[in-house]
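Taking it in order: structure first as structure tokens, then the write-up.
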Amino acid sequence: MTYYTMKTKFLLVFVLFFLSSMQAQQKPYLDQSKPIEARIDLLMKLMTLEEKVGQMNQYNGFWEVTGPAPKGGDSGIKYEQLRNGWVGSMLSVNGVKNVKTVQKIAVEESRLGIPLIIGLDVIHGYKTISPIPLAEAASWDLEAIKKSAQVAADEASASGINWTFGPMIDITRDARWGRVMEGSGEDPFLGSKIAEARVKGFQGDKIEDLLKVNTVAACAKHFAAYGFAEAGREYNTVDISNATLYNVVLPPFKAAKEAGVCTFMNSFNILNGVPATGNTFLQRAILKGQWKFDGFVVSDWGSIREMVNHGFAKDAADATAKAIIAGSDLDMESHYYVTELVNLVKSGKVKESLVDDAVSRILRIKFELGLFDDPYKYCNEAREKAVIGSKANNDVVLDMAKKSIVLLKNDNNLLPLKKSGQKIALIGALANDKNSPLGSWRIAADDNSAVSVLEGMQRYNGNQLTFEKGTDITIGKTSFVDELIFNTTDTSGFEAAKNVAKTADVVVLVLGEHGFQSGESRSRTNLDLPGNQQELLEEIYKINPNIVLVLNNGRPLSIPWAVEKIPAIIEAWQLGTQAGNAIAQVLYGDYNPSGKLPMSFPRNVGQCPIYYNNFNTGRPVNSENNVFWSHYSDVEKTPLFPFGFGLSYTTFEYKNLKLNKKEFAKGESVQISVEITNSGNYDGKEVLQLYIHDVVASIARPVKELKGFELIELKKGATKTVTFTLNEKELGFYNNEGTYLVEPGTFNIMVGGSSDKGIETRFDLK
């Protein structure tokens, strides 16, 4: 290196240092040597009230950002607000070029240069799509679920996104509600474990991991009780007891908070007559008070405005005041904060300290993401090209998809299929569908980018495989924002399907829901196979009963006829990009299914809501041989398939359930051990499930509660001893005042492979 080169480099370093020093003097909050809280304080002292309120304002993408700036109208106003620093966050702006454009305006054209948080609904993948969350929950594999979220964060961050509106951790018991596909099912214990896994998958294991380029801020939603919407109808009323709120609804949110989740989103519903967005009890007393949450709360889309519709707020100003007082920090697309809040503060109707609290929370996340130090850290086009759709990411979602599949029935060992010498008829429009398997909430995914079941099975070319559609499920266009129209009349493809079934050794029928039939605002009052698929199934059964039914769906279905008649049934959900490969590997035995249901399947929709952790009632059984007991007169009260159910190509036997002590005192723990043997002919995995029943308590307790599970892998013929530990954390409950109690008494214990059966013992807590 020459003297002149060295001198030039020295001068360049000096100039950069000088400019940095000047900038730090003008904008002291950019001084990276200071702690985050000090930087927040320095910035807040420089902000006008209008700029503070601007940080509490979030807009959806409102113009073609790489095109000319909008002039006039609503878009023109929003654009000027962006330049003035009156927009703190944007959503639905993705792709490095687009994100860099809006970020550049916020950072380089506004007075203080405060960067934007860029959000998107990255729910089960960005471009490379994982199984829907309910399907992932069926894996009970927390590490796989965490890796799936990591892939979503990896691709979203590579495309400029730094905040996802997930995970959704609403507990729900009603399959009529379309958003069951987005959560983890009916159980708060399993839901809490999955909430933690997803938060850490998106954000990393510790808050410092947010500085990495491949993580994003997560958002726990919907706070709270959205999953209990009456009749499973979207946006509907919620009316539940405090016992249900504290013991069922809130635990996954508490787990997400303890995992370090950056943000919460409130819900559309009322609770105790108060919309969640304006609910001080939820947001101030519990979340920010008892739990000491220091991130921020974002409203759901327009939910501040919707408080007027609820009849809880008089007008825009009233809704704004009630929302900020209750603890809603960021306004998503109501536009009320930016138009009303400054005047409310100046008139004394809202304290500026509430604005300061909200803004400091929002700024804290921006600092923790490292946006002030590098506003364009998520805007690397080379990384965008390298990461999105990579083989490594596809490998992860394929693994996740296989682990999500649940074997519901396998009479006569019809499965796995032989790899050669069989004539197989593959029937069903969903079998050749490359779009529906992507499921709902795949906003950034390319249409028709999934591997179809047909494509997956064609890779096993030792058999004669013939495909026939049989029937269309829908008529006309299918999209995320439109109601689907189902085919109930056109059976013109039935004959061709019956002809190939007639000569087949095995018929694989792929039936279920379209990917856009579940998700937000996709409530159903029937949980059967939509359209004329049931008719097709029955017609094929008359021709050839040797059927493997592969279900593609986003919620539990009611299929009693199929369960009675069809010898083999696989619950394959909507499995994402690698759906067809995953299903084929399970059908042909290259992967032994190990999934367990995270939600009970009803016999008919009249049983909804149905869940395993119910209460005994005063008349739980027919003890006197008469009609006066808790039951239905037309169907059994048990589910078609219970929570935790799932078969394997092998079998497992449980024995020698032991306790290290039969009684113990508060503050101590008890160890429970059980032997499990793979008694079948295949290597396989099993999810051991531990349930308790607090026999007598100060408030009635459920007949069973999941309090532990372990996923193990066993070679055929192998035996393993598994040990669980229970302590006060698992044995207690919340009373109606929200106080956690651990009461002495007798506890029944059950360990098995499902919530409906296992081996039992009991102990006493003194």
Side-chain angles (χ1 to χ4, degrees), residues 174-178 180-181 231-234 425-440 448 452-454 467-501 507-545 547-566 569 571-574 601-608 635 640:
D174 196 333
R176 292 173 295 181
W177 191 47
V180 301
M181 58 75 56
R233 194 173 81 238
E234 192 68 75
L426 178 62
I427 298 172
L430 289 174
N432 194 31
D433 196 321
K434 295 171 63 63
N435 206 35
S436 182
L438 297 173
S440 194
N448 299 304
S452 70
V453 177
L454 176 59
F467 167 73
E468 283 292 341
K469 179 174 62 175
T471 185
D472 287 312
I473 299 178
T474 60
I475 300 171
K477 70 174 183 176
T478 57
S479 77
F480 182 67
V481 298
D482 294 304
E483 296 282 1
L484 300 182
I485 300 174
F486 293 95
N487 170 34
T488 59
T489 57
D490 183 3
T491 60
S492 58
F494 277 30
E495 286 306 312
K498 290 195 293 187
N499 286 337
V500 299
V507 178
V508 177
L509 261 167
V510 185
L511 306 176
E513 296 182 308
H514 189 276
F516 287 138
Q517 197 176 358
S518 60
E520 184 174 352
S521 204
R522 267 74 175 186
S523 300
R524 296 184 63 189
T525 60
N526 287 308
L527 298 176
D528 52 5
L529 297 169
N532 54 20
Q533 291 180 99
Q534 179 66 33
E535 183 182 354
L536 174 65
L537 176 61
E538 294 183 22
E539 287 297 307
I540 298 299
Y541 181 79
K542 293 174 186 176
I543 300 295
N544 186 345
I547 293 173
V548 177
L549 174 60
V550 177
L551 295 172
N552 287 175
N553 44 291
R555 52 157 60 86
L557 296 179
S558 174
I559 50 167
W561 186 92
V563 171
E564 179 185 356
K565 303 287 188 181
I566 305 302
I569 304 174
E571 175 52 80
W573 313 102
Q574 287 142 1
F601 276 45
R603 296 178 184 275
N604 61 47
V605 75
Q607 289 185 308
C608 292
V635 71
L640 189 63

Heavy atoms of Asn532 and Phe494 approach each other most closely as O-CZ, 3.9 Å
Answer yes or no: is there a side-chain heavy-atom contact under 4.5 Å between Leu536 and Ile427?
yes
For Ala175 and Cys608, work out which heavy atoms get closest and say how close.
N-SG, 4.4 Å
Measure the shortest side-chain to side-chain distance between Pro437 and Ser452 over non-hydrogen atoms and say whether it is less than 4.5 angstrom.
no
Which distance, rounded to the nearest 0.5 Å, do you find between the CZ of Arg233 and the OG of Ser521?
10.5 Å
Measure from the side-chain N and O atoms of Asn432 to the backbone N and O of Leu454, and report whether any donor-acceptor pair falls under 3.5 Å.
no
Residue list, side chain to side chain contact (heavy atoms under 4.5 Å, CB included) with Ser479, at least two apart or on another chain
Val481, Asp482
To the closest 0.5 Å, what do you measure between CG (Asp174) and CG (Leu527)?
8.0 Å
Interatomic distance, Gln517 atom CD to Met181 atom CE [nearest 0.5 angstrom]:
12.5 Å
Exceeds 12 heavy-atom contacts within 6.0 angstrom, atom CD1 of Ile485:
no
What closest approach, in Å, do Pro556 and Pro602 show between heavy atoms, and which atom pair accounts for it?
CB-CD, 4.1 Å
Are Leu484 and His514 close enough, and set up right, to give a side-chain contact (heavy atoms from CB on, under 4.5 Å), and what steps lead you there?
CA-CA 9 Å; Leu484 300 182; His514 189 276; 3.9 Å; yes
Residues Lys542, Lys498; criterion side-chain contact (heavy atoms from CB on, under 4.5 Å); working and verdict:
CA-CA 9 Å; Lys542 293 174 186 176; Lys498 290 195 293 187; over 6 Å; no
Grab the two heavy atoms, one from Ala431 and one from Phe467, that are nearest each other, plus how far apart they are.
CB-CE1, 3.9 Å
Return the minimal non-hydrogen interatomic distance between Val550 and Ala572, and the atom names on each side.
CG1-CB, 3.8 Å
Testing the basics here: between Ala562 and Ile569, what is the closest heavy-atom pair and its distance to 0.1 Å?
O-CD1, 3.7 Å
Would you please test Leu551 and Leu529 for side-chain contact (heavy atoms from CB on, under 4.5 Å) and show each step?
CA-CA 9 Å; Leu551 295 172; Leu529 297 169; 4.2 Å; yes
CG/Asn435 to CD/Gln574 distance, rounded to the nearest 0.5 angstrom?
11.0 Å
Return each pair, listed once, that meets side-chain hydrogen bond (donor to acceptor under 3.5 Å, both in side chains) where at least one residue sits in residues 547-562; pairs must be two or more places apart or across chains.
Glu513-Arg555, Asn553-Glu571
How about Leu426 and Val510: do any of their side-chain heavy atoms sit closer than 4.5 Å?
yes
Step-by-step side-chain contact (heavy atoms from CB on, under 4.5 Å) determination, Asp433 to Ile473
CA-CA 11 Å; Asp433 196 321; Ile473 299 178; over 6 Å; no
Ignoring hydrogens and geometry, is there a side-chain-to-backbone donor-acceptor pair from Asn526 to Asp528 under 3.5 Å?
no
What residue among Ile559, Leu549, Leu430 forms side-chain contact (heavy atoms from CB on, under 4.5 Å) with Leu511?
Leu549
Holding to side chain to side chain contact (heavy atoms under 4.5 Å, CB included), I want the full list of residues that pass it with Arg522, two or more places apart in sequence or in another chain.
Phe480, Phe516
Around Glu483, counting heavy atoms of other residues, nucleotides and ligands shown, do more than 12 lie under 6.0 Å from its CD?
no
Return yes if some donor-acceptor pair links the side-chain N/O of Asn487 with the main-chain N/O of Thr489 below 3.5 Å, else return no.
yes
For the atom pair CD (Glu535) and CD1 (Ile540), what is the distance rounded to the nearest 0.5 Å?
11.0 Å
